[in-house]
2 protein chains.
Amino acid sequence: MQDLINMLRDHKIQPTAQRLEVARCALASEDHPTADEVLAMALSRCPTISRATVYNTLNLLAEKGLLVRRTLREGVTVFDPRLEAHHHLIDTETGEIHDIPWDSVVVGDIAEHPEFEVLDYEIVLRGRRK
Amino acid sequence: MQDLINMLRDHKIQPTAQRLEVARCALASEDHPTADEVLAMALSRCPTISRATVYNTLNLLAEKGLLVRRTLREGVTVFDPRLEAHHHLIDTETGEIHDIPWDSVVVGDIAEHPEFEVLDYEIVLRGRRK
DNA sequence: TTCCCGTTTTAGACTTAGTCTAAACTCCAT
DNA sequence: ATGGAGTTTAGACTAAGTCTAAAACGGGAA
């Protein structure tokens, strides 16, 4: 709890009850929740929290680098609490997102692009449960 | 024109004026249009075409393998007329999507996943104009 | 050719994800 | 205590997408 407060302070985010609850839900998540999923979780402990606050807080946490916004599901943004580089595997049947450790794929040289400076990259795998 | 008709027939899609127009716009596109972008293009030649028809037709073309649906832009689905395997580079400033030839990146072995059979994959690069 | 019936198209209602706004609430510093 | 900056809130609004029910189309049988 105190750790969470400090984590927000360290990132220049003024801690409030609502922000702590959103951070708790999103950062502790084992998967890749959408904003509305975080809202649903947060409501159980913080029954008056509003959708706008959850959206604002997630955007704030992402902007401050505590979460990563990802485009991995059609039509929705998901938030990823895992900050270390990793890849993703999408279950083609369900859309579920699974983390793949960075080292389990070896990417060789990426040819220099004539017009772009590449800042980062990831592999998106798609697969089916065996 | 006749080629387009045959292409649809070959894929068991009954050609109609609207479908031909949607196919023309989407398949000839040099980029990765959204459904609403295709609608805007189609309207100039086919002024009464409806949004529902464009959405239905794009979904049909994707289902029949003439287009690929991709999740590369936040909140929207884009359609990709390039069927050969390739990667994508996203301009972090604008969100623009650029194709990257398959061979310009060498991906080594992908570790066998214990629970999933990997069907395909691609690299998503993010970068900034130099 | 005409008619029929399955297929397609259409407008518009509906849903879902997300942003925006303006008012209300907090809470710290005076 | 009070004033103001920063937060939260409900609800309006927008954009992407699906659904529905009715109208229009079109190709084959007669």
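The sequence lines fix the lettering, A, B, ..., with proteins before strands; numbering per chain opens at 1. As the structure is a prediction and not an experimental result, all values here were calculated from the model.
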To the nearest Å, give me how far apart OH (B:Y55) and C1' (C:dG12) are.
15 Å
Strictly below 4.0 Å: does B:T77 bring a side-chain N or O up to OP1 or OP2 of D:dG17?
yes
Under the salt bridge (charged side-chain N to carboxylate O under 4.0 Å, His left out) rule, collect the residues that match up with B:E115, sequence neighbours excluded.
A:R129
Rounded to the Å, how far apart are B:N59 CG and D:dA16 P?
15 Å
Measure CD1/B:I5 against C1'/D:dG26 and give the value in whole Å, please.
15 Å
Let me know the distance between CG of B:L60 and P of C:dT8, rounded to the nearest Å.
8 Å
Please report, rounded to the nearest Å, how far the P atom of D:dA15 is from the CZ atom of B:R73.
13 Å
My understanding is that only one of A:L72, A:L125, A:D99, A:I123 makes a side chain to side chain contact (heavy atoms under 4.5 Å, CB included) with A:L89; could you say which?
A:L125
Nearest-nucleotide check on DNA chain D, B:P15 vs B:R69; residue mapping nearer the 5' end is B:R69
Hydrophobic cluster membership, with links at side-chain heavy-atom distances under 4.5 Å among I/L/V/M/F/W/Y: are A:F79 and A:Y55 in one?
no
Whole-Å distance separating the CG atom of B:L8 from the P atom of C:dT7
18 Å
For A:R82 and A:E122, run salt bridge (Lys or Arg N to Asp or Glu O under 4.0 Å): C-alpha distance rounded to whole Å, both residues' side-chain angles, the deciding distance at 0.1 Å, then the answer.
CA-CA 14 Å; A:R82 263 185 78 175; A:E122 69 161 310; over 6 Å; no
Report yes if some heavy atom in the side chain of A:D80 is under 4.5 Å from a heavy atom in the side chain of A:I97; otherwise report no.
no
Can you confirm whether A:L66 sits close enough to A:I13 that some side-chain heavy atom of one is under 4.5 Å from a side-chain heavy atom of the other?
yes
Can you check nucleotides 6-8 of chain D for protein contacts, nitrogen or oxygen pairs under 3.5 Å, and list what you find?
from  : atom 1 : to    : atom 2 : distance (Å)
D:dT7 : OP1    : A:Q14 : OE1    : 3.4
D:dT7 : OP1    : A:R19 : NH1    : 3.2
D:dT7 : O5'    : A:R19 : NH2    : 3.4
D:dT8 : OP1    : A:T16 : OG1    : 2.4
D:dT8 : OP1    : A:Q18 : OE1    : 3.2
D:dT8 : O3'    : A:Q18 : NE2    : 2.9

Within the structure provided, determine whether A:H87 and A:W102 are in side-chain contact (heavy-atom separation under 4.5 Å).
yes
Could you check how far CZ of B:R51 sits from P of D:dT20, rounded to whole Å?
16 Å
What is the distance, to the nearest angstrom, from the NZ atom on A:K12 to the P atom on D:dA5?
22 Å
So what does A:T34 touch, heavy atoms closer than 4.0 Å: a base, only the sugar-phosphate, or nothing?
nothing
